[in-house]
Amino acid sequence: MQEVINELLETMMSNQVSVPVIQPVIDMAAQIPMMGLGISFILWTPIFALLICPGLSTLGIFLLFFPWIERKLCARIQWRVGPREIVPWLGGLIQLLADTLRFLFQEVIVHKDAHRPYFLQFAFLSFAAALLPLLFINAGDVIAIASPYGIQLLLALVCLFPLFILGLGWASNSRFAFIGSVREAFMYFAYEIPFIIAVLAMVILFGTSNPILIPDKWGIILNPIAAFTFFVGAAMATSRMPFEIPEADQEVAAGPHVEYSGIAFGLIYVMCYEKAYILSTLMVVLFLGGGSGPDIPGLTVHLGDLMGIVWFLLKVIIVMTTMFVLRTIYPRYRLDQGLTIGWGAMIAISLVALAWSIVFVFMQQGGVL
Amino acid sequence: MKKVTVQDQGVVEKAKCHAAAIGVAMKESVYPLTATVQYPRQRKKMPDNFRGYILFDPDKCINCWECAFVCPANAIRMKEAPNKKYYPTIDYGKCIFCHFCIDSCTDGALRTTKIHDVAYKDMDEMVTLTEEMIEPPEIVREDTKLVEYLIDDKDLQMKKTREVDNLFVDEVPPSVEIPVVSQCIDGASCIGCHVCEYVCGSGAISSSIANGVMNMAIDTDMCTGCGLCVKECTMQILKLVRK
Amino acid sequence: MEKEEQDRNMHILRTGVLSPVKRWSAKWSLWPCHFVTSCCGVELAHAFASGFDGERLGTLNMGISRQANFIIVEGTITRKMARALRIVWEQMPDPKFVNVIGACGQRGGIFWNSYNITRPSEIVPVDFFIPGCPVTPESLLRGVRAVQDKIALGKDETTIKFKKVALPSEVGPGSTIPTSPKRFAPTPLVKVDIPREVDWAFGSTTVNNLKSQLEGLYKSITITDKNRIAIKTAPDNLMEVARKLSDNMGIDHTKSVNVIDVPHEQKFILEYMASSYSNSDLMPVIITLFTDIERKAEPEFPSITPLWDSADYSEREMHDFFGVKYEGNAGMNAKFLLAPETQTPLRKDFKIAEENYVFDDSPLNPKIDLPSSLEMPAPTDLYDEAEASDEFIILVGPHHTGSGHLRWILRVKGDIIVDVTPDPGYVHRSMEKIAENRLYIQNVPLFERANISDPFNMNLGYVHAIEKALSIEVPERAKYIRTMLAELSRIGAFFYDSGIFSLFTGHSTGFMYVWAIREMILEATVRMTGSRCTPSFIIPGGVRRDISKDVLEMTGNFTSAVNKRLKKFEDIFINNPVFIARTKGVGVVTKQEAIKYGLVGPFLRASGVDYDIRKVEPYEVYDQLNWEVTTGDAGDCLGRYMGRYEEIKQSLSLLKQTVDALKRMPRGDVISEEVLGDYKEASEDIKGHLYHAYGNLVLPKGEWTSVVESARGTLLYSIISDGDSNVPHRVRIVTPCWMNLRGIVEASKGERVADFWTIYGSFGYFPPEADR
Ligand code: SF4
Ligand code: SF4
């Protein structure tokens, strides 16, 4: 028994997130019996990744503040102010808190035509399912499960989302939800292939699919075409403009979400941000050099692993903002146009990206580069 | 005649247009042309001729009922006051702020204010009695800044000043005064009912009997031209004419 | 019910340990359900667009009732819409709040005696009422604040406090209650073909021509005014005459279908107003084809639609109003505009409430008989029928982010639209009926409410008809002012439509940009007239008052200031490749179809017909200004939009020209002295004399028809006066949107589902204007 615990402790201690700057504090806390154990548990890399970053806490904070960033920025571009009066001197920073709480206390209506068990289950399931890919993503050197097939697993999990959305639409049993989910299914097929090919291109280029082993190179420079395909694919996957086809408010009244209210809707609403978050992290890892960044003298030494996380999050915010600001720039395509783009141009471009990677790798091996 | 044809965008053109659209978004996120008046804390300056809530001055009212008659929404109904005269009441649940009443009021008894932002909790409260229309009302205000929209030949400018706008405009007398008086156009038809004499508030109409024939006389100096007698005349033989 | 419901909502928020959190969050997260019910929606949009940005207060407009917790009822709730309101309210999760904006939603506003409106407070529990017509964005936000205060502080108070002042009490001579100023002739003489001497050479040749062609078919052919010819036929011959006109003279569309009820003569006068787009000489001429039929419960008459399809919807409308059955028209077995239970309301024996001028104890809120059931039955037979042929029915509206205030029934096969059935009338406020009961001057603000995004043109058309009847010549300065206002309003309406169009394609930035530009236009309007959207500024004989120099200056500046913002709009929306991909080649209406379905205005021109009333039958000073008509050939969504965009550039130049002319012109009369009669001195400013001068206006007997080019196309007013009453006997309004409704339906067939909204947006449809 004792051995098992010791061994566990050993593994834990050998795989800690190192943050030099707070090391003294940790050391001090380690003196206190249980506290020390707790802290090292949290700082144990897989747990840290799961609970802190890029996992739940970061996600939570993102969900609470990112929509605010989005709304403020869009409002600014649209010559407005955006949420403000709730705390004028902070520019309405906690607007989303109010919205979330309001949804929490609002009645959840299950209308009589809905398939009651699934109607509720899918709302919660889809939220939970969207969390899974977080296990395989790394922020800098911090990752929950490092697997040589990390990227593939992640992709597989990302591709689960549409299923849940279809489920939502099906369980709602409403005309608009039905059309919305059909549209979602169509779009799913359209972006899936180019999206996967784009990732594949990068995996070939890097020669590994273990996110942690991916070199700190900027994929966007090595293979800009793949980056473009990936970005457009991500916009399609998260139903961003100009591909907000399944949720088109003016056409199908938010599609699959149309019947949801209260906290059930709240979960679905944040799920779309969750999706965007996950795809942005993947984009950062594959194309923007993950947690790498210029060396800031003095800071890097002190922050240790945290530095990687900071760079990583910064990049994620930039990618996500870009993705969301698209809605101020573009109207929406029609379904058939979206499909044409997915099946036509996007596949073509993604194949070019793949070829590019292969040529690149050959040339590298041949010593040309 | 001008024919509008829209050319197809070529690839280069498309790329340019995408770039232009993205360019606008980027530019606006840095230097936006924000046009927002942040209402509860700021207030937009309205011109003096703004059509808002209506105030009433009983001293100037000549009881002509014209405001009630012209009101397209039938929002004005006349209420009998203690002095047996009828004064207007306005139902803001009907009023459409056309200010036809103000434009009909010969003597400027009705005038405008710049009040327009009001929320009622109850529909019955929206009927404003004459008593309530005399003094300027108080409204809930949270504004500390005044914003004025100015348009110069470049763009919309928002002039912000730290002041609390006065919502009450000084009375503007009717810009044109036309002196009118009442006149009998067909004395022969007069049946001598004396209605005109009774209604006249300024005592301009008098009657006399000579040779068994009733004669009504209108003193043009005393007549204020309110038109009441014209309205009341049983035989409809009175008319307002220019003095 | 009402009180309990409200208490229940507050009760939810006020109980439990978490009550403060609940209240705080509900206060800052009031999401209004986008329930556009009427014209007040325009100001609602302004309140949430860049000008005032309601989102600051945490109120995010949400299209879907399940996720919203706040309804802002925007004005009129008609009998048809009442059901929708109730359903939407019931769909929303607790706790929920309701504000009613606009006089229409309170005690009816200008439509207080309409047969088709209800009071929202009897349908749902209302928290706050906000007066105005339309309300200003500020007052709308004040309403939001009031609800917030109610939630957070439990403060449920009216935000205005009046001070009571004692009235004078010394008893003077007193005053009696005068009789109503309205005067109805007991047996009015209703004739639509009163001849008039006019200087119109072409007219007499045309009449001779007509006479020879229609030999034996007509009863009389009269010139009723310049460019107006009335042909009277026997009921059986009307169709034949119409066919002859169409075959021999190229008369190819109807402008209006009308029925006039003459109860004391036991007859209906049936009228078709027809004109031509193919024969350019006849373009300005309106031929009124009419016949008398017996007045009975359901008179029958052959429909003219086989010949002139453009009459279709108007015939259905007349069927609703008078019960005339047009045989051969497909829509004769159901109501089109009205709620199913309404009975032929435009017949003279259908009475509406009369004005009460005295404050007595008659009930403030007289009882309205609500529709018996507030349920909206699903058209099950339609579903079954569609299912049988492997089709799918989508009901869009009346509460849908992309429906406007009407219901569309889309029948789709896969992603292709097979058929579109419009279900209008959700904003039908019975203007034509109300107008018959009001003084001529009172109808000025009434007709303006048909379209508050294009108010000046709405005024102008009506006032023209009166001026035509009275043969009034308007002072030069007033003409320029009117032209300026009409163009300003055209520009405003275009930006309105652009905003809606961008929303329909999912582009919210486009909406915000043009709405900011509209804010500038409204600023100019408010300075000129005192009101943002409903100025009622153009009155018979001129305009209410002169416009001061600095406001003119500002309006002139607008024409150049707008460019900066317009350029950005162009870059981000108009030239956006995605927008072009969405609209090019979509919803094509060919020239023949456009004429056949009776499209009007810029949408007709986009299909290649060179017809603009401002050129064809110039009014005001359009013939003295320098501008061009714009047409196009494409006839698709993009063509329609770009055509209008080009037109707006012309309008900006027209605006500039008129402002410059006005600045040069000395101040002077703005109201014609002919109409003022004894009050000539009021010709610079009507203040103080409006009622004196206009209260007893009586038009000479006959039918007076005016057409103007409003922002969305031909606007026709036809006033029938008996020459004795000081209220019209009948007013027929044919608005451009009503005519264009058909265009949307026809253009959508065969397109994809998502294209329906692009087509809808490209037609600049404004439902209150169509429904009247
Ligand atoms: S402003 Fe218009 S609606 Fe209001 S009371 Fe005066 S006349 Fe009537
Ligand atoms: S007429 Fe239109 S603007 Fe006026 S209150 Fe009614 S809905 Fe609002």
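Numbers restart at 1 for each chain; the letters A, B, ... are given by sequence-line order, proteins then strands. Computed from a predicted structure; not experimentally measured.
- Counting heavy-atom pairs under 4.5 Å between each of Ile139(B), Asn49(B), Thr34(B) and chain C puts Asn49(B) at the top.
- If you tally non-hydrogen atom pairs under 4.5 Å between each of Lys44(B), Arg141(B), Glu135(B), Glu13(B) and chain C, the highest count goes to Lys44(B).
- Checking side-chain atoms of Lys94(B) against main-chain N and O of Trp112(C) turns up no donor-acceptor pair under 3.5 Å.
- For Lys27(B), the side chain to side chain contact (heavy atoms under 4.5 Å, CB included) test picks out Lys568(C), with sequence neighbours left out.
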| field | Derivation of the side-chain contact (heavy atoms from CB on, under 4.5 Å) call for Lys121(B) and Glu157(C) | value | CA-CA 6 Å; Lys121(B) 83 161 205 284; Glu157(C) 278 171 17; 5.7 Å; no
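- When each of Pro134(C), Pro445(C), Pro131(C) is checked for a side chain to side chain contact (heavy atoms under 4.5 Å, CB included) with Ile96(B), only Pro445(C) meets the rule.
- Across Gly93(B) and Gln106(C), no two heavy atoms sit closer than the pair O-CB, 3.7 Å.
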| request: Apply side-chain contact (heavy atoms from CB on, under 4.5 Å) to His99(B) and Arg544(C), showing your working. | output: CA-CA 11 Å; His99(B) 283 195; Arg544(C) 268 161 89 169; 4.0 Å; yes
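- Look at Arg77(B) and Glu355(C) and you find no salt bridge, because none of the NZ, NE, NH1 or NH2 atoms lies under 4.0 Å from a carboxylate O.
- The two atoms that bring Gln442(C) and Cys71(B) nearest to each other are NE2-O, 3.2 Å, heavy atoms only.
- Contacts of Ile102(B) with chain C are made by both backbone and side-chain atoms, with heavy-atom separations under 4.5 Å.
- The side chain to side chain contact (heavy atoms under 4.5 Å, CB included) search around Ser104(B) returns Val70(B), Leu690(C), Tyr691(C), not counting sequence neighbours.
- Side-chain N/O atoms of His116(B) and Ser139(C) include no donor and acceptor closer than 3.5 Å.
- With chain C as partner, the option from Lys14(B), Gln38(B), Lys154(B) having the largest number of non-hydrogen pairs under 4.5 angstrom is Gln38(B).
- The backbone N or O of Thr36(B) lies less than 3.5 Å from no partner atom in the side chain of Ser50(C), so there is not a single donor-acceptor pair.
- Salt-bridge formation is detected for the pair Asp103(B)/Arg545(C): a Lys NZ or Arg NE/NH1/NH2 atom is positioned less than 4.0 Å from an Asp or Glu carboxylate oxygen.
- If you tally non-hydrogen atom pairs under 4.5 Å between each of Asp91(B), Leu129(B), Ile76(B) and chain C, the highest count goes to Asp91(B).
- A salt bridge links Glu142(B) with Arg142(C): at least one charged nitrogen is closer than 4.0 Å to a carboxylate oxygen.
- Most heavy-atom pairs under 4.5 Å with chain C: of the set Tyr149(B), Tyr87(B), Phe69(B), this distinction falls to Phe69(B).
- At distances below 3.5 Å, at least one donor-acceptor pair connects side-chain atoms of Thr159(C) with backbone N or O atoms of Ala119(B).
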